[in-house]
Amino acid sequence: DAMVIQNPRYQVTQFGKPVTLSCSQTLNHNVMYWYQQKSSQAPKLLFHYYDKDFNNEADTPDNFQSRRPNTSFCFLDIRSPGLGDAAMYLCATSPKEGYNEQFFGPGTRLTVL
Amino acid sequence: QQQVKQSPQSLIVQKGGISIINCAYENTAFDYFPWYQQFPGKGPALLIAIRPDVSEKKEGRFTISFNKSAKQFSLHIMDSQPGDSATYFCAASRPNNDMRFGAGTRLTVKP
């Protein structure tokens, strides 16, 4: 089945230790998103790609970076995780720009010790 | 600035009852209004969605009512079941894929 896959599902890191979360999709969708969802809160968009065109939300901290080496894969890099970065990180895809529906992966739960 | 306001924050309904969740938005550029269902530890899954050219959309036990002039929309879950217990998010999206979520409603359906 075509889907959005996130690895790992659970990630534990130490304060200040860089961490990378990955997302892959078999849907061949053009648009990919990264959201941060803290406990009992709505998903908050961090950034998204239209193909390789990167779009950063104005309030996304510089500590968060992203890479999309090809259509299928997208990575979220947190350069120096703080305790406040502990959250569920959700990857989503959409077929193309202007097509509203987004398909979410299962998320990666990040714990910062 | 919260672009989509959702209420209530939590809702408890008896099995077989009707669950109603409301959302309001400000930006008239939004043209797509989905509802997502999220179970603990899982990503949100699209439940049902509507565009502003219709006032109601029904899929099984789930209905969206949309009031364009009031800039409000709501989700109705008929014959609510314990398996419907989850967090529900409304959202609003602009044509450029910019989607904004409501704060979520935690629904509990009691047997």
Side-chain angles (χ1 to χ4, degrees), chain A residues 1 3-11 21 23 25 27 29-51 53-60 87-111, chain B residues 1-11 21 23-25 27 29-54 57 59 64 66 73 86-108:
Chain A
D1 287 340
M3 54 197 306
V4 181
I5 303 162
Q6 290 189 244
N7 285 304
R9 294 294 313 280
Y10 301 91
Q11 176 72 57
L21 310 181
C23 176
Q25 52 129 340
L27 299 162
H29 284 177
N30 180 263
V31 192
M32 294 187 78
Y33 309 81
W34 279 105
Y35 289 87
Q36 179 193 63
Q37 186 179 26
K38 295 188 176 180
S39 182
S40 301
Q41 295 185 21
K44 179 182 180 297
L45 182 64
L46 295 173
F47 22 62
H48 66 282
Y49 285 89
Y50 294 132
D51 196 13
D53 183 20
F54 177 71
N55 298 271
N56 196 35
E57 290 297 295
D59 58 354
T60 298
M88 175 79 87
Y89 289 88
L90 296 164
C91 175
T93 71
S94 192
K96 59 183 178 180
E97 184 176 359
Y99 187 99
N100 302 101
E101 184 174 350
Q102 296 186 20
F103 300 81
F104 283 84
T108 294
R109 170 78 61 189
L110 177 68
T111 300
Chain B
Q1 181 185 5
Q2 189 176 2
Q3 297 192 36
V4 182
K5 295 182 179 179
Q6 182 172 347
S7 63
Q9 190 173 22
S10 63
L11 180 62
I21 306 170
C23 282
Y25 64 96
N27 191 338
F30 291 136
D31 70 344
Y32 176 76
F33 301 88
W35 285 90
Y36 283 86
Q37 179 188 58
Q38 186 176 29
F39 293 104
K42 306 287 186 183
L46 179 66
L47 192 61
I48 186 172
I50 197 168
R51 293 196 182 271
D53 53 344
V54 297
K57 183 174 181 180
E59 291 184 0
I64 299 179
F66 187 83
F73 58 110
T87 299
Y88 292 81
F89 292 97
C90 65
S93 177
R94 293 190 293 165
N96 65 352
N97 294 58
D98 181 13
M99 185 175 291
R100 304 293 162 170
F101 287 82
T105 296
R106 180 171 291 185
L107 172 65
T108 302

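Every chain is numbered from 1 and lettered A, B, ... according to where its sequence line falls, protein lines coming before strand lines.
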Go through the atoms of B:Q9 and report whether side chain, backbone, both or neither lie under 4.5 Å from a heavy atom of chain A.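 Nothing of B:Q9, per the 4.5 Å heavy-atom cut-off to chain A.
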
So what's closer than 4.5 Å to chain A heavy atoms on B:P34: side chain, backbone, both or neither?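 Nothing of B:P34, per the 4.5 Å heavy-atom cut-off to chain A.
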
Can you tell which of A:Y10, A:Y33, A:F103 has the highest number of heavy-atom pairs within less than 4.5 Å of chain B?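 Most pairs with chain B among the choices: A:Y33.
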
Leading residue by heavy atom contact count with chain B [cutoff under 4.5 Å; candidates A:H48, A:Q37, A:M88]: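 Top option by heavy-atom pairs under 4.5 Å: A:Q37.
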
If we only count heavy atoms from C-beta on, is the B:S93 to A:E101 side-chain gap below 4.5 Å?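 Of all side-chain heavy-atom pairs linking A:E101 with B:S93, none is under 4.5 Å.
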
Quick one, A:Q41 and B:F101 - any side-chain contact, counting heavy atoms below 4.5 Å?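 Heavy-atom side-chain distance check fails, nothing below 4.5 Å.
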
Closest non-hydrogen atom pair, [X] against [Y]:
{"X": "A:S40", "Y": "B:R106", "result": "OG-NH2, 3.7 Å"}
{"X": "A:Q102", "Y": "B:Y36", "result": "O-OH, 3.1 Å"}
{"X": "A:A42", "Y": "B:F89", "result": "CA-CE2, 3.5 Å"}
{"X": "B:G43", "Y": "A:L90", "result": "CA-CD2, 3.8 Å"}

Let me confirm one number: the CG-CZ distance from B:L46 to A:F104, rounded to the nearest 0.5 Å.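 B:L46 atom CG to A:F104 atom CZ measures 9.5 Å (nearest 0.5 Å).
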
Quick check for you: among B:G41, B:P44, B:G104, which has the greatest number of heavy-atom pairs under 4.5 Å with chain A?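 Greatest number of close heavy-atom pairs with chain A: B:P44.
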
So does A:E57 pair up with B:R100, basic N to acidic O under 4.0 Å?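 Looking at A:E57 and B:R100, the cut-off is met.
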
Tell me whether the count of non-hydrogen atoms from other residues, nucleotides or ligands lying under 6.0 Å of NZ in B:K42 goes above 12.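 No - once you tally the heavy atoms of other residues, nucleotides and ligands closer than 6.0 Å, there are 12 at most.
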
A:Y50 versus chain B, the contacting section by heavy-atom distance below 4.5 Å: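 For A:Y50, side-chain heavy atoms alone lie under 4.5 Å from chain B.
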
